[in-house]
Amino acid sequence: MSEVAREPDTGSSETRTEDLPPAESRSWYVWIVAGVALVTALAMWIVGSPADATLDPYDFGEMGRTIADGRGFEGFGSLISRRAPLYPLMLGGVYVAFGEHDRIALLVHCVLFVGTALLAFDLGRRYFNPRTGLIAGLLCAFHPLLLRYVPTLHLETLLTFLVTLMVWTTLRFYYERSVVNGALLGGVAALAALTKAVVMFYPIVFIVGIILAVRASRRRGEQARIPWGGLAAMLVTLVLVISPWTIRNYGTTGHFVPISSGTSDAFLRGLIFSRMEFVTLQDPPYEVAENESNAYFARLAREAGVVGQADDYKTDQILNDEMWRVIREEPQEVARKSFVGLFSFWYQLTSLKNSLLIFVCAIGAWVLAAIGWRRARREGKAVWPFVLPAFYLNVLLALLLALGRYSAPILPALLVVSAYGVDTLITRWRSSPGRRPTTA
């Protein structure tokens, strides 16, 4: 058996390096994961890339082209239409280096997809055992929701890679609580937030988790201290990496906007997307609900006497006023939307068939994760850093707009725990009566 993760020595603000679980594995497992992930990604790249407007539904490719042409974000509003900047900047870099070829950008998606599978593999082998790592990598390589965004210019593939890397740095910091590891975690979290702003507050939630973990250690009679130095380094790095974009936003609007606007936009859309006809896919949400939302916002702009979307910041203020009105006057609608969002986050896609497939995958992942979590608790392994991002995004987006594609970034970390559940079932089966003993 390989050495597996142990609870960290929390007797000081920094644990010793040897407390970090070694990266032991069967060397050929990594090649299996990388090879399979590359094959599935390339298969999607070859046969799944659409030739019509659905290739770039949110105009990220167009934004990348304006960047490559030296025009920055010209034509996309002062706050670039509620988008975060990193994904279009990445596309702009690809177009500068290789020409304005969308298929090359999708090849970069393939590389990111393989990187995500390898991160899941390393998390599984390092913190549980090599077989768990292999299973986790393969689960990522074949997961339909993760593959769905490889052949289109959606930001989910980049965001999933960065969130998985954030979990990887989270676990590294958890076991080796140094200032350097804290800064590394903050930097990666900032890059993820610059891809989609909802990630920005996750480091705060992680700090709460660390404090609770230390308090739990103290209740067990252990000497434990909160690693304030590393946590401070994480927050400082987070702010430093994000601040250039914040300064840019202030220069274009005269207002403090850390990354992007759009909280009220998402909240109000959530009121519509969470209605029964859309969550049950009786009506296509990405068509009917989207059109109804746009008409709703256009009406609010007319009533305010402005041209909708003519000024990003002013439009955002109009939607903010409507959001607070709904919260004050229709709390039951807010409660309904938030409750529904806890579930729609795991499945609501473009069609009933696709949504059912993803929902079944989500249920299976959580059932297997529960098995793995139970075993990990018995063995004294920390699992909460793997699943905390899932709870964070699920609850936050239930309050705003919870769609199935938003669950993609947290799936690889969750699938690592699911893989440990599969490993547990395999171990039980091999040790069951009537089975001839085999070498693990």
What is the minimum heavy-atom distance between L349 and S355, and which atoms define it?
N-OG, 3.0 Å

Report yes or no: do T427 and R131 form a side-chain donor-acceptor pair below 3.5 Å?
yes

Determine yes or no for a side-chain-to-main-chain donor-acceptor pair under 3.5 angstrom, with S243 supplying the side chain and T246 the backbone.
no

Close side-chain approach of Y347 and L281, heavy atoms under 4.5 Å
yes

Say you draw a straight line from CD of E322 to CG of L300; how long is it, rounded to the nearest 0.5 Å?
5.0 Å

Please find out if less than 6.0 Å separates the ring center of F391 from that of W366.
yes

Check: R126/Y175 side-chain N/O donor and acceptor closer than 3.5 Å:
no

Are a donor atom and an acceptor atom from the side chains of N320 and R325 found within less than 3.5 Å of each other?
no

Test log, rule side-chain hydrogen bond (donor to acceptor under 3.5 Å, both in side chains), inputs T132 and N129
CA-CA 5 Å; T132 296; N129 57 55; 3.0 Å; yes

How are the rings of H109 and Y87 set relative to one another: parallel (under 30°), tilted (30 to 60°) or perpendicular (over 60°)?
tilted

R219 vs R215 side-chain heavy atoms within contact, under 4.5 Å:
yes

Can you confirm whether L146 sits close enough to F113 that some side-chain heavy atom of one is under 4.5 Å from a side-chain heavy atom of the other?
yes

Any side-chain heavy atom of V167 within less than 4.5 Å of one from P385?
no

Would you please indicate if the ring centroids of F359 and F343 are separated by under 6.0 Å?
no

Does NZ or CZ of R83 come closer than 6.0 Å to the centre of the six-membered ring of Y58, within 45° of the ring's axis?
no

Between the main-chain N or O of F142 and the side-chain N or O of T40, is there a donor-acceptor pair closer than 3.5 Å?
no

W245 vs F73, ring-ring contact (aromatic ring centres under 6.0 Å, His included): CA-CA, chis, key distance, verdict
CA-CA 12 Å; W245 185 251; F73 292 101; 5.5 Å; yes

Between S407 (side chain) and L403 (backbone), is there a donor-acceptor pair under 3.5 Å?
no

pair S344-S274: side-chain heavy atoms closer than 4.5 Å
no

Do L415 and L368 touch side chain to side chain, with heavy atoms closer than 4.5 Å?
no

Between the main-chain N or O of A68 and the side-chain N or O of E100, is there a donor-acceptor pair closer than 3.5 Å?
no

Do F173 and M234 have side chains that approach each other closer than 4.5 Å (heavy atoms only, starting at C-beta)?
no

Atom of S418, atom of A365 and distance for their closest heavy-atom approach
OG-O, 2.6 Å

Name the residue from W384, F206, F386 that meets the ring pair (Phe, Tyr, Trp, His ring centres under 6.0 Å) definition with Y174.
W384

Examine the side chains of Y420 and R375 and answer whether a donor and an acceptor come within less than 3.5 Å of each other.
yes

Locate the shortest heavy-atom distance separating L79 from S261; write the atom from each residue and the value.
CD1-OG, 3.6 Å

For the CZ atom of F161 and the OG1 atom of T157, what is their distance to the nearest 0.5 Å?
11.5 Å

Pair E290-R269, salt bridge (charged side-chain N to carboxylate O under 4.0 Å, His left out): steps then yes or no:
CA-CA 8 Å; E290 185 72 14; R269 288 181 190 275; 3.1 Å; yes

Backbone N or O of Q332 within a donor-acceptor pair of the K337 side chain at under 3.5 Å?
no

Quick one about H154 and T152 (side-chain donor to acceptor, distance below 3.5 Å, no hydrogens or angles considered), yes or no?
yes

Donor-acceptor pair between D102 and Y95 side chains, under 3.5 angstrom:
yes

Side chains of I80 and M63: closer than 4.5 Å at any heavy-atom pair?
yes

Side chain H101, main chain R103, donor-acceptor under 3.5 Å:
no

R374, CZ atom: more than 12 neighbouring heavy atoms under 6.0 Å:
no

Of all heavy-atom pairs linking A192 and V199, the shortest is CB-CG1, 3.8 Å

When you look at R82 and D312, which way does the salt bridge (charged side-chain N to carboxylate O under 4.0 Å, His left out) test go after all the steps?
CA-CA 8 Å; R82 302 186 180 89; D312 280 355; 5.9 Å; no

With distance as the sole test, does T237 use its side chain to make a donor-acceptor pair with the main-chain N or O of G186 at under 3.5 Å?
no

Might you point out which heavy atoms bring F345 and L342 nearest each other, and give the distance in Å?
CB-O, 4.3 Å

Is any side-chain N of the basic residue among E303 and R299 closer than 4.0 Å to the acidic one's carboxylate O?
yes

Under 3.5 Å, is there a donor-acceptor pair between the side chain of N249 and the main chain of V257?
yes

Using modelled atom types only, decide if a donor and an acceptor are shared between the side chain of T164 and the backbone of L119 within a distance under 3.5 Å.
no

